[in-house]
There are 2 protein chains.
Amino acid sequence: MITMATIHDVARLAKVSIATVSRVMSGADPVNPKTQQRVMEAMEQLNYTPNGLARNLRSLKTNVIIALVPDIKNPFFSEVIRGIEDGAREAGFHVLVGSTDGDREKAKAYMALLEESRADGLILTTAQMDQAFIEDFAARRPMVLACEYIAGSEIPCVSIDNESAARKITKHLLALGHTRIAHIMGPSNVVLSQARLNGYKQALREHGMPEDELLVQEGDFSIESGYAVAKKLLSIERLPTAIFAASDVMAIGALRAIHDHGLRVPDDIAVAGFDDINMASYVSPALTTIHQPRYEIGQRSVQMLVKLMKAEELGQAQVVLEDTMIIRESSGKGHEEKG
Amino acid sequence: MITMATIHDVARLAKVSIATVSRVMSGADPVNPKTQQRVMEAMEQLNYTPNGLARNLRSLKTNVIIALVPDIKNPFFSEVIRGIEDGAREAGFHVLVGSTDGDREKAKAYMALLEESRADGLILTTAQMDQAFIEDFAARRPMVLACEYIAGSEIPCVSIDNESAARKITKHLLALGHTRIAHIMGPSNVVLSQARLNGYKQALREHGMPEDELLVQEGDFSIESGYAVAKKLLSIERLPTAIFAASDVMAIGALRAIHDHGLRVPDDIAVAGFDDINMASYVSPALTTIHQPRYEIGQRSVQMLVKLMKAEELGQAQVVLEDTMIIRESSGKGHEEKG
DNA sequence: AACATTTATGTAAACCTTTACATGCAGAGA
DNA sequence: TCTCTGCATGTAAAGGTTTACATAAATGTT
């Protein structure tokens with residue numbers, strides 16, 4: 001709509017040079033109070049707003065960071081994003097959120113914005129693309145992994161120890177006397193799915209339990225997949241006595257599947273989730289799960305990214321935050337705490 | 001990291017002018033195949049990526065649109081965002097998502113990006129700020145309201161008819177014989193909360209039911225508020241026989257409150273929600289609710305915004321999409337459909 | 001009074017593109 | 001041979017800032 005006033009217009013009206021106008025705005029260099037007054041009035045009168053694009057071009061900074069999530073509808077990630085947004089705001093950045101659907105091309109399209117200088121940094125919440133590509137990218141651009149840790153990689157990251165957390169919650173189920181514990185894992189091409197699967201297997205092994213291939217099935221973190229995979233597990237001849245889902249969302253899908261199958265949780269089958277999303281304590285039965293400090297993961301990852309962008313030393317590049325097991329109703333007897 | 005190659009570097013290496021390099025990229029003007037070849041090789045060799053900021057400044061377009069939601073953690077909005085993102089991608093735009101927390105200042109900070117030419121358009125999913133401010137903004141910048149319709153305003157919008165939908169679902173409860181129907185409304189400063197409240201009241205009036213002030217309580221669309229407000233309703237001496245919550249998320253909070261209170265849904269108290277979020281059919285009992293075509297709302301609103309940005313005629317400026325009542329378990333008897 | 005210092009302001013380059021206009025040249029028609 | 005047309009390319013302006021450097025005026029120092 002109507003063409004905007006530029007710094008030149010302001011300068012002309014205030015009878016000064018554009019440099020002076022710029023100085024009034026930045027407040028960096030000294031400027032005569034009277035002149036300053038005149039400039040401010042001119043700005044007011046023309047309803048002047050500086051053009052951000054021009055500033056960006058001049059400074060070669062955009063103050064935009066990109067946060068890529070596999071699925072924005074997934075409540076776990078939206079809480080992480082919230083942490084990212086708040087951390088970004090504090091540091092003076094805006095967040096461009098991209099939902100990748102596990103589609104590499106979509107992810108790469110967002111990452112291209114960095115190459116084009118249209119964003120300054122990247123936070124990746126799940127690394128689904130080829131590791132080589134990521135390593136290469138991280139070497140050239142400021143980037144942080146949130147939620148996920150890539151073994152043997154130097155890329156800065158903030159996450160919990162998914163393996164030990166999964167081991168912990170599986171042990172909880174074992175301690176309750178369960179002998180056939182099924183696992184609904186996340187997408188197998190995602191690092192953290194593997195980590196959680198490993199933790200699960202380690203716990204079984206430590207307890208001398210045999211591994212049953214039938215009891216491990218792959219989902220995609222969606223509620224629909226949790227439902228579908230649980231249905232599948234319920235059709236096994238020797239039913240599992242407990243199901244450990246790699247995410248609360250899938251666990252909620254499983255709850256429904258068990259309910260529809262005419263069985264009760266936790267009496268007939270115990271269920272445990274992962275993430276401790278907001279809703280976990282509201283569904284019935286309330287979910288036993290692993291609490292991830294998701295907000296903090298988001299915040300911390302931005303803080304690291306900011307340091308990276310400023311080329312500051314970031315001390316520890318791999319940050320592992322604490323998780324907490326939260327025991328609620330869905331795992332049955334031996335409750336120690338009510339969410 | 002290492003300074004980037006510019007179009008000048010490419011031109012120098014290929015022994016042509018920068019104009020020719022630009023032409024090779026755009027493909028608009030004819031250029032000699034041999035020269036083209038040389039330029040491409042130079043680009044390749046220097047690993048050249050054009051600077052998006054410079055392009056943006058030159059064209060005065062950013063291809064970025066801003067989508068403002070009250071709370072990114074709210075699953076209803078994240079599904080709308082998904083529609084917005086997909087619509088935007090199709091039209092060649094990127095989406096900057098902002099969570100406002102009902103904080104006007106945060107919202108205004110995002111809107112300022114438009115004034116600074118750092119974004120081309122705006123989609124507002126809830127209008128919490130003063131109407132005058134919004135009207136003024138909409139007059140100067142391309143903007144569309146999604147989910148919400150402001151009575152008497154000319155601002156383009158895409159939504160359902162919240163009033164009639166609320167009336168419809170309240171009537172459903174009345175038809176089931178409920179006499180004391182409570183309403184957990186959304187924040188009273190949000191237009192659609194008022195619309196839903198009106199629909200609720202109209203239905204009661206049509207059935208000759210008295211209005212009971214005690215039965216209408218305000219929440220903020222969060223699960224916690226649904227829980228808290230339901231608790232409050234359960235402490236009324238003459239208990240409500242049904243609760244209509246203005247969002248599924250609050251309804252889920254209410255389900256838990258009723259459960260914790262030792263009552264059963266729908267036998268003791270019926271519950272109805274609004275939105276039909278993904279999880280609505282998975283919780284137990286599954287929620288009776290109003291299905292909003294949220295993905296389509298997102299998509300359509302981007303389409304309108306794009307027209308607005310191109311200054312094309314957009315025919316109908318106020319679009320009302322169809323909603324559907326979905327009857328599930330939480331409202332009890334008379335089920336016509338299973339989610 | 002001459003000079004050094006400080007303060008206020010202006011000039012112009014730089015950031016990296018796109019594009020209107022200008023130029024040069026080859027082939028075609030007279 | 002001369003002019004006309006059309007293609008391929010170059011030149012330079014424009015987009016709106018910020019900022020290094022230059023200049024000018026005012027103040028302070030001896």
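Residue numbering restarts at 1 for every chain, and letters A, B, ... go by the order of the sequence lines.
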**Request:** Please check if the side chain of A:Ser99 supplies one atom and the backbone of A:Ile72 the other of a donor-acceptor pair under 3.5 Å.
**Result:**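 Checked: pair present.
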Flag, side chain of B:Asn74 to backbone of B:Asp71, donor-acceptor distance under 3.5 Å =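 Between the backbone of B:Asp71 and the side chain of B:Asn74 there is no qualifying donor-acceptor contact (under 3.5 Å).
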Side chain of [X] (C-beta onward), nearest among [options]:
X	options	result
B:Pro50	C:dC15, C:dT17, D:dT17	C:dT17
A:Arg23	D:dA13, D:dG10, D:dA20	D:dA20
B:Ile7	D:dT17, C:dT17, C:dG10	C:dT17
A:Ala19	D:dG16, C:dG10, C:dC15	C:dG10

>> Over all strands shown, is A:Leu53 touching base, sugar-phosphate only, or nothing at heavy-atom distances under 4.0 angstrom?
In response: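 Contact class for A:Leu53: none.
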Using a cut-off of 4.0 Å on non-hydrogen atoms, how would the nucleic acid contact of A:Ser22 be classed: base, sugar-phosphate, or nothing?
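The residue A:Ser22 makes base contact.
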Can you tell me how far OG of A:Ser301 sits from CD of A:Glu148, rounded to the nearest 0.5 angstrom?
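A:Glu148 CD to A:Ser301 OG: 13.0 Å, rounded to 0.5 Å.
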Once rounded to the nearest 0.5 Å, what's the spacing between atom OG of A:Ser117 and atom CZ of A:Arg141?
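Here the rounded value is 6.0 Å.
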* Asked: Between C:dA12 atom P and A:Ile18 atom CD1, what is the distance in whole Å?
  ->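 Rounded to whole Å, this separation is 11 Å.
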inquiry  = Rounding to an integer number of Å, can you tell me how far A:Glu116 CD sits from C:dC16 C1'?
reply    =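 Spelled out: CD on A:Glu116 to C1' on C:dC16 is 13 Å.
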Using the ring of A:Phe133 (Phe, Tyr or Trp, six-membered ring only), decide whether A:Lys108 places NZ or CZ under 6.0 Å from its centre and within 45 degrees of its axis.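 Judged by the rule, A:Lys108 and A:Phe133 form a cation-pi pair.
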Distances under 3.5 Å only, N/O to N/O: pair up the protein atoms with those of nucleotides 5-8 of chain D.
none

Quiz item: B:Ser17 side chain N/O closer than 4.0 Å to the phosphate oxygens (OP1, OP2) of D:dG10?
Solution: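 Yes, B:Ser17 has a side-chain N/O under 4.0 Å of OP1/OP2 on D:dG10.
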Open item on the list: Just N and O in the side chain of A:Tyr48: are any of them under 4.0 Å from OP1 or OP2 of D:dT17?
Closed with: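 So the side chain of A:Tyr48 is within the cut-off, an N or O lying under 4.0 Å from OP1 or OP2 of D:dT17.
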Between [X] and [Y], does any side-chain donor sit less than 3.5 Å from a side-chain acceptor?
X	Y	value
B:Asp120	B:Thr62	yes
A:Gln37	A:Glu41	yes
B:Gln131	B:Ser153	no

Estimated bend of the helix from C:dA1-D:dT30 to C:dA30-D:dT1 (axis per five terminal pairs, rounded to 10 degrees):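 End axes: 60° apart.
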